[in-house]
Visitor: 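Please read through the structure below; I'll follow up with questions.
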Amino acid sequence: MARILILLLGGLVALCAGNGVFMDKLSSKKLCADDECVYTISLAKAQEDYNAPDCRFINVKKGQQIYVYSKLVKENGAGEFWAGSVYGDHQDEMGIVGYFPSNLVKEQQVYQEAIKEVPTTDIDFFCE
């Protein structure tokens with residue numbers, strides 16, 4: 001019992017030290033190209049601007065290229081969101097991974113099909 005308490009307290013301290021927050025899950029499942037969701041599914045191009053409503057999402061400008069890593073499975077009337085990172089002219093935007101509406105983009109090139117259904121975890125919706 002003491003070990004469990006120590007582990008829980010250690011985890012709480014780590015969370016507080018990181019100044020992060022776990023946001024609500026957008027979906028309980030995601031589609032990926034592999035079991036670990038590390039391979040790029042596709043390259044998409046933004047068809048319009050998108051301003052992120054919170055830290056789970058990324059800002060996108062029309063014409064920017066986005067690497068797509070996973071596609072959330074649509075649930076309970078929620079919108080369909082994909083996870084990816086912007087590839088663009090501004091160095092400070094590159095490499096930030098977040099969600100964006102799938103109807104915002106048009107896939108330019110599919111590298112691998114998103115056929116692996118994987119459960120989402122709390123860390124998928126963690127914000128710093």
Side-chain angles (χ1 to χ4, degrees):
M1 182 69 164
R3 288 184 194 172
I4 293 173
L5 184 57
I6 290 171
L7 288 174
L8 289 174
L9 288 175
L12 182 60
V13 169
L15 283 177
C16 292
N19 294 325
V21 62
F22 289 100
M23 302 293 285
D24 291 336
K25 282 188 172 189
L26 300 170
S27 176
S28 62
K29 299 176 198 159
K30 59 186 174 181
L31 296 174
C32 302
D34 61 290
D35 291 328
E36 290 81 33
C37 293
V38 295
Y39 292 109
T40 303
I41 295 169
S42 62
L43 181 65
K45 186 174 185 176
Q47 302 300 298
E48 57 187 82
D49 291 350
Y50 176 72
N51 292 317
D54 65 47
C55 58
R56 294 172 293 184
F57 300 88
I58 55 173
N59 292 317
V60 177
K61 302 279 188 239
K62 182 178 180 176
Q64 282 185 314
Q65 300 289 323
I66 304 169
Y67 289 106
V68 179
Y69 302 114
S70 68
K71 299 177 177 184
L72 295 180
V73 175
K74 188 175 180 177
E75 295 178 345
N76 302 326
E80 188 173 344
F81 296 98
W82 293 354
S85 63
V86 172
Y87 176 80
D89 298 330
H90 305 291
Q91 212 51 8
D92 59 332
E93 296 172 344
M94 292 173 55
I96 298 172
V97 177
Y99 295 99
F100 55 91
S102 61
N103 63 354
L104 173 82
V105 300
K106 182 176 181 184
E107 285 183 298
Q108 302 292 300
Q109 177 156 2
V110 175
Y111 301 117
Q112 298 184 51
E113 292 296 324
I115 56 173
K116 300 281 185 176
E117 190 170 275
V118 178
T120 58
T121 64
D122 289 340
I123 202 70
D124 288 320
F125 307 102
F126 180 77
C127 296
E128 288 190 70

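All figures in this text were calculated on a predicted structure; none of them were measured in a lab. Heavy-atom basis, side chains included; hydrogens, waters and symmetry copies ignored.
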Visitor: Do E128 and C55 have side-chain heavy atoms sitting under 4.5 Å apart?
Guide: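 The answer is no; the side chains never approach within 4.5 Å.
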Visitor: Would you give me the side-chain donor-acceptor pairs under 3.5 Å for residues 97-107, sequence neighbours excluded?
Guide:
unit_1	atom_1	unit_2	atom_2	d
Y99	OH	D124	O	3.3
S102	OG	E80	O	3.2
E107	OE2	S42	OG	2.6
E107	OE2	K71	NZ	3.2

Visitor: Quick check on Y39: does its OH atom have over 12 non-hydrogen neighbours (other residues, nucleotides or ligands) under 6.0 Å away?
Guide: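 For Y39, atom OH is not crowded (no more than 12 foreign heavy atoms under 6.0 Å).
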Visitor: Measuring from W82:CH2 to S70:OG, what's the distance to the nearest 0.5 Å?
Guide: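 Between atom CH2 of W82 and atom OG of S70 there are 10.5 Å.
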Visitor: Would F81 end up clustered with F125 when hydrophobic side chains under 4.5 Å apart are linked, directly or stepwise?
Guide: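 Yes; F125 is reachable from F81 via cluster members.
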Visitor: Hey, could you give me the CG/CZ distance between L26 and F57, rounded to the nearest 0.5 Å?
Guide: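 So the gap between those two atoms works out to 4.5 Å.
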Visitor: Please check if the side chain of D34 supplies one atom and the backbone of V38 the other of a donor-acceptor pair under 3.5 Å.
Guide: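 Side chain of D34 to backbone of V38: a pair is present.
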Visitor: Taking K62's backbone N and O only, do any of them form a donor-acceptor pair with D49's side chain (distance below 3.5 Å, no angle check)?
Guide: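 Looks like yes, one N/O pair under 3.5 Å.
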Visitor: Measuring from atom CD1 of I66 to atom CD of Q108, what distance do you get when rounded to the nearest 0.5 angstrom?
Guide: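 Atom-to-atom, I66:CD1 and Q108:CD are 10.5 Å apart.
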Visitor: When rounded to the nearest 0.5 angstrom, what distance separates CD in Q109 from OG1 in T40?
Guide: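 Here the interatomic distance stands at 11.0 Å.
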Visitor: Looking at I96, is its backbone amide N or carbonyl O close enough to the side chain of S85 to form a donor-acceptor pair, meaning the two atoms are under 3.5 Å apart?
Guide: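 Not a single qualifying donor-acceptor pair exists.
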Visitor: Shared ILVMFWY cluster between V68 and L31, side chains joined below 4.5 angstrom?
Guide: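 No; L31 is not reachable from V68 via cluster members.
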Visitor: Between OH of Y67 and CG of L43, what distance do you get to the nearest 0.5 Å?
Guide: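 Reported to 0.5 Å precision, the distance equals 5.5 Å.
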Visitor: Output yes when a side-chain donor or acceptor of S27 lies under 3.5 Å from a complementary backbone atom of V73, and no otherwise.
Guide: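 Judged by distance alone, yes, a pair lies under 3.5 Å.
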Visitor: Checking D54 now: which residues fulfil salt bridge (Lys or Arg N to Asp or Glu O under 4.0 Å) with it, not counting sequence neighbours?
Guide: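 Result, salt bridge (Lys or Arg N to Asp or Glu O under 4.0 Å) vs D54: R56.
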Visitor: Which atom names give the shortest non-hydrogen contact between I41 and A114, and what distance separates them?
Guide: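 Closest approach of I41 to A114: CD1-CB, 3.6 Å.
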Visitor: I need the minimum non-hydrogen distance between A46 and V60, along with the two atoms involved.
Guide: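 Looking at all heavy atoms of both residues, the closest pair is CB-CG1, 3.2 Å.
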Visitor: Using salt bridge (Lys or Arg N to Asp or Glu O under 4.0 Å) as the criterion, list what pairs up with K45, not counting sequence neighbours.
Guide: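 Salt bridge (Lys or Arg N to Asp or Glu O under 4.0 Å) check on K45 returns nothing, list empty.
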Visitor: If we ignore hydrogens and angles and just use 3.5 Å, is the side chain of K25 paired with the main-chain N or O of T120 as donor and acceptor?
Guide: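 Present.
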Visitor: Compare every heavy atom of K30 with every heavy atom of C37, then report the nearest pair and how far apart it is.
Guide: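 Closest pair (atom of C37, atom of K30, distance): SG-CE, 3.6 Å.
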